[in-house]
Protein chains: 2
Amino acid sequence: MAARPTDTKEAILRLGTEFIQTYGYNAFSYADISKELHIKNAAVHYHFPGKEDLLAGIIDQYIHRYRELAKSFGNPGIAAKQKLQAIISRYSLLCEQGKICLIGSVCTDYNTLPESVKTRLTELIELVLGMVEKVLKEGKKKGELQFTETARVKSMLLMTNLAAGVQLARITGQKDYTAICNSLLKQLVV
Amino acid sequence: MAARPTDTKEAILRLGTEFIQTYGYNAFSYADISKELHIKNAAVHYHFPGKEDLLAGIIDQYIHRYRELAKSFGNPGIAAKQKLQAIISRYSLLCEQGKICLIGSVCTDYNTLPESVKTRLTELIELVLGMVEKVLKEGKKKGELQFTETARVKSMLLMTNLAAGVQLARITGQKDYTAICNSLLKQLVV
DNA sequence: GTCTATATTCCGATAGAC
DNA sequence: GTCTATCGGAATATAGAC
């Protein structure tokens with residue numbers, strides 16, 4: 001077994017992510033994935049025995065990516081505003097694609113998930129909030145950002161605006177998401 | 001046929017709402033409802049032929065209730081802060097019950113819904129946003145509230161904080177929701 | 001690693017009796 | 001308005017050949 005996942009496995013993870021962002025975890029099936037990849041149902045089960053294993057794999061991928069992003073934010077050469085925009089632009093991309101935040105999507109289904117996935121999801125959420133909190137705290141200290149709340153609370157306010165903003169804008173129109181983003185940046189950046 | 005829905009019909013609407021707020025629209029079945037009400041599957045179909053009819057009925061109920069709430073806000077004797085708290089307390093109640101906002105829950109499943117439901121959902125969202133926008137605008141005019149954004153944008157920021165805040169707090173703990181609310185009120189109320 | 005084939009269970013839905 | 005009975009289909013999942 002290679003250390004790197006196979007192309008098929010990666011394609012399944014990618015498609016699963018896309019389905020969750022587009023339709024929700026409980027609204028897609030292994031058949032949806034196998035059809036799109038032109039393989040059979042059973043092949044998907046080979047890579048991820050149960051649907052919860054697939055979700056766990058997707059969340060693990062996110063945890064890995066956000067750890068990398070958080071690490072890259074350690075570089076002292078990056079301005080706080082730039083870090084903020086890196087986060088916001090991820091959500092903007094989703095919005096343009098008619099998708100929603102994976103975390104937000106899975107949060108809705110929280111009570112239908114097995115304990116192992118709940119734990120991972122909590123870890124991912126705290127990872128993201130912690131990362132944003134750090135960006136805010138350091139940005140404020142350097143005089144690049146301004147806010148009156150604690151960094152923890154401000155990170156929650158910011159991320160709920162972004163995640164739910166994308167969901168809202170999928171229904172009421174992209175202009176609403178743009179307005180939210182502009183407002184957030186104007187308010188935060190000195 | 002009476003103008004008022006039967007007890008059973010109302011119980012189905014109530015349970016359906018609860019399931020959506022707890023598990024999500026695509027994660028409960030007519031069997032779940034019939035079991036809890038000690039009736040048979042077919043009886044539920046009598047009141048709501050298809051699941052989408054049930055969801056449409058639930059959303060219609062919400063539209064009706066929010067129209068009433070908006071109307072009650074027309075009373076000039078109510079302070080803006082009081083109106084705000086009436087809105088916030090609805091979300092606090094959800095939070096205490098481990099439920100999430102119905103609109104937020106259904107938004108995740110948006111792309112799996114038939115056109116008739118999408119239309120109703122959009123109407124409900126604009127109704128709520130419009131109501132909040134009016135509260136904010138009038139509160140600012142009377143010097144009771146303060147904010148720099150347009151009332152429309154501020155209403156979106158506020159409602160996304162509340163809706164996603166409840167979802168977040170279901171996972172990270174109720175204290176986070178409380179912190180969000182306190183921050184919102186402190187920021188808004190003069 | 002993918003296939004065929006199949007098992008099981010559940011879901012949404014309907015016909016027709018009471 | 002609720003029941004019994006049942007249907008067609010879909011979802012999750014597994015056994016075993018290739």
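First the proteins, then the strands, lettered A, B, ... as listed; each starts at 1. All values below come from the heavy atoms of this structure, side chains included, with hydrogens, waters and symmetry mates left out.
Under the rule for a side chain to side chain contact (heavy atoms under 4.5 Å, CB included), the partners of Glu68(B) that lie at least two apart in sequence or sit in another chain are His64(B), Lys71(B). For Thr8(B), the side chain to side chain contact (heavy atoms under 4.5 Å, CB included) partners are Thr6(B), Ile12(B), Ile39(B), His47(B), not counting sequence neighbours. Scanning for side chain to side chain contact (heavy atoms under 4.5 Å, CB included) contacts around Ala27(A) gives Tyr23(A), Asn26(B), Thr112(B), with sequence neighbours left out. Partners of Thr22(A) by side chain to side chain contact (heavy atoms under 4.5 Å, CB included), not counting sequence neighbours, listed by chain and number: Glu18(A), Lys99(A), Asn111(B).
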Worked check of side chain to side chain donor-acceptor pair (under 3.5 Å) between Ser92(B) and Tyr177(B):
CA-CA 8 Å; Ser92(B) 305; Tyr177(B) 174 77; 3.2 Å; yes
Indicate every side-chain donor-acceptor pair of residues 53-60 of chain A with a distance under 3.5 Å to a residue at least two apart or in another chain.
{"unit_1": "Asp53(A)", "atom_1": "OD2", "unit_2": "Gly50(A)", "atom_2": "N", "d": "2.8"}
{"unit_1": "Asp60(A)", "atom_1": "OD1", "unit_2": "Arg120(A)", "atom_2": "NE", "d": "2.7"}
{"unit_1": "Asp60(A)", "atom_1": "OD2", "unit_2": "Arg120(A)", "atom_2": "NE", "d": "3.1"}
{"unit_1": "Asp60(A)", "atom_1": "OD2", "unit_2": "Arg120(A)", "atom_2": "NH2", "d": "3.2"}

Below 3.5 Å, can you tabulate the donor-acceptor pairs from side chains in residues 74-83 of chain B to any protein atom, sequence neighbours excluded?
{"unit_1": "Asn75(B)", "atom_1": "OD1", "unit_2": "Gly77(B)", "atom_2": "N", "d": "2.8"}
{"unit_1": "Lys83(B)", "atom_1": "NZ", "unit_2": "Phe73(B)", "atom_2": "O", "d": "3.1"}

Can you give me every donor-acceptor pair (side chain of residues 178-190 of chain B, partner residue at least two apart or in another chain, under 3.5 Å) with its distance?
{"unit_1": "Thr178(B)", "atom_1": "OG1", "unit_2": "Gln174(B)", "atom_2": "O", "d": "3.2"}
{"unit_1": "Asn182(B)", "atom_1": "ND2", "unit_2": "Thr178(B)", "atom_2": "O", "d": "3.4"}
{"unit_1": "Gln187(B)", "atom_1": "OE1", "unit_2": "Lys154(B)", "atom_2": "NZ", "d": "2.7"}

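Across the protein-nucleic acid pair, Lys9(B) atom NZ and dT2(D) atom P stand 12 Å apart, rounded to whole Å. Per the geometry, CG belonging to Leu37(A) stands 10 Å off P belonging to dC3(C), to the nearest Å. The separation between Ile33(A) atom CD1 and dA10(D) atom C1' is 15 Å, rounded to whole Å.
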Heavy-atom contacts, protein to nucleotides 4-18 of chain C, under 4.0 Å, summarised as B (base), S (sugar-phosphate only) or - (none) per nt, yield B------SSBBB---
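Over its full length, the helix from dG1(C)-dC18(D) to dC18(C)-dG1(D) turns its helical axis through 10°, comparing axes from the five pairs at each end and rounding to 10°.
Between dT2(C) and Thr8(A), a contact under 4.0 Å exists linking OP1 or OP2 to a side-chain N or O.
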